[in-house]
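Structure first, commentary second.
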Amino acid sequence: SPDGKTLASGSWDKTIRLWDAATGKPLGEPLRGHENWVTSVVFSPDGKTLASVTFTSLDLLSGSDDTTIRLWSGVPMRERVPLYRTRMAQVERVRAQLAERMARVGDSIESVQALAAEVLADPRFAGDLRTAALMVIGEVDLERQEDRAAEEQRVATARRERLKPLGDALMKKDWARALQLAAAANPDDLATEPASFWNELAWRGLTELPADSPARDLKLLLDYAERAVALTERKDGTILDTLARAHWELGDKAKANEVQREAIAVLTAQIAATPAGAPAEQVQQSKTMLTELQDTLARYERDEPPAPRATAPETLTRADPRSVTPATIGV
């Protein structure tokens, strides 16, 4: 021990023994608790405390092959209890003060990190008070994260339930109903849908529905096509092709020509950038799609409407499929 009066030993018999360093005689009964060989024992520097770890007065630390570390107190219980109570009262005051501060800071990760940094820099928070302060911050932050996660789950579940009819319509390829449900949906419910979803709605509305269908709202389909183009940052030729068709259907033939030329340029660049080892089928699909876009542009320039689809939707393959799986709805 630091005062040189006591020797502590571990043993294969799972006990710790204290010895009078002057006489070599044992002090009290062996300390029992480990379940395997006690491989190491050490006194705290002052022989009495390890308060920064446990908030109590302790004087011996032991390690064992039972994979535990144990703390042993050499301070009599009658002396330890008042110390313990005093320190715990300090800790509780810190907890109460920080809980109030946590209630005032924002919910963002940055605000919580800023408070933790402030506590670490405050000299009043030392030892176990520092540990208690960081524990409070962590506990409150964890509660907030759990609350946020629960709320996000509740919102996501409600969204999935609201969009289930739309997902079913997409699964059944009932495009008229799908478009009607999408138009009636809460915009917030569809705010995170990808470009493929909006392109699907626009393309199907333009190519699958008869001109007199109530669901074939051309301005709405144009809006869907523009959303898809914006989400892909005008870097997808097939999606630009959809936008060009929407402009043509609305009578803006000059804009349709402009966008169709852009679609051809984008797809041509994509084909040129195709890696040498790309699957032959993928390359052929891209070239077939490019030919289709060029033919469509030629029809626009002759003031002719785009050609009807040559194959059934179920068998059509394109470099960029114009289909969206219902799994994207409500995720």
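Along the sequence shown, the residues carry numbers beginning at 1.
- The CG atom of L243 sits 6.5 Å away from the CZ atom of R234 when rounded to the nearest 0.5 Å.
- T274 contributes a side-chain N or O that, together with a main-chain N or O of I271, makes up a donor-acceptor pair within less than 3.5 Å.
- Between the side chain of D66 and the backbone N or O of E35, at least one donor-acceptor pair lies under 3.5 Å.
- Separation of atoms OG1 (T207) and CZ (R216) is listed at 8.5 Å; rounding is to 0.5 Å.
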Salt bridge (Lys or Arg N to Asp or Glu O under 4.0 Å) assessment of D241 paired with R245: CA-CA 6 Å; D241 175 46; R245 185 173 294 236; 5.2 Å; no
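- With S64 contributing its side chain and H34 its backbone, the two residues share no donor-acceptor pair below 3.5 Å.
- Remark: side-chain polar atoms of R159 are paired, donor with acceptor, to backbone N or O of D189 under 3.5 angstrom.
- A salt bridge links E151 with R154: the distance from a Lys NZ or Arg NE/NH1/NH2 to an Asp or Glu carboxylate oxygen falls below 4.0 Å.
- For the residue pair E301/N257, the side-chain donor-acceptor check at 3.5 Å is not satisfied.
- Summarising the geometry, atom CG belonging to L27 is positioned 5.5 Å from atom CG belonging to D20; distances are rounded to the nearest 0.5 Å.
- The neighbour count for L250 CG, taken as heavy atoms of other residues, nucleotides or ligands under 6.0 Å away, is above 12.
- In this structure, NE2 in H247 is found 11.5 Å from OG1 in T242, a value given to the nearest 0.5 Å.
- Classified by interplanar angle (parallel below 30°, tilted 30° to 60°, perpendicular above 60°), the ring pair W248/Y300 is parallel.
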Q284 and T288: CA distance, side-chain angles, deciding distance, side-chain hydrogen bond (donor to acceptor under 3.5 Å, both in side chains) verdict: CA-CA 6 Å; Q284 186 55 48; T288 300; 3.3 Å; yes
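- The pair K164-D168 counts as a salt bridge, with a side-chain nitrogen and a carboxylate oxygen less than 4.0 angstrom apart.
- Considering OG1 of T238 and CG of L293, their distance stands at 8.0 Å, rounded to 0.5 Å.
- A salt bridge is absent between E262 and K235; no separation between the charged side-chain nitrogens and carboxylate oxygens falls under 4.0 Å.
- Between atom CG of residue L218 and atom CG of residue L206 there is a gap of 7.0 Å, rounded to the nearest 0.5 Å.
- No cation-pi contact links K25 to W19, judged by a cut-off of 6.0 Å to the six-membered ring centre and 45° from its axis.
- A salt bridge links E258 to K255: one of the charged nitrogens lies within less than 4.0 Å of a carboxylate oxygen.
- Under a hydrophobic clustering in which Ile, Leu, Val, Met, Phe, Trp and Tyr are joined whenever their side-chain heavy atoms come within less than 4.5 Å, directly or via other members, L231 and F197 fall into the same cluster.
- A donor-acceptor pair under 3.5 Å is absent between the side-chain atoms of S213 and the main chain of L209, judged by distance alone.
- A donor-acceptor pair shorter than 3.5 Å cannot be found between the side chains of Q282 and S286.
- T15 places no side-chain N or O within donor-acceptor distance of the main-chain N or O of S11, the cut-off being under 3.5 Å.
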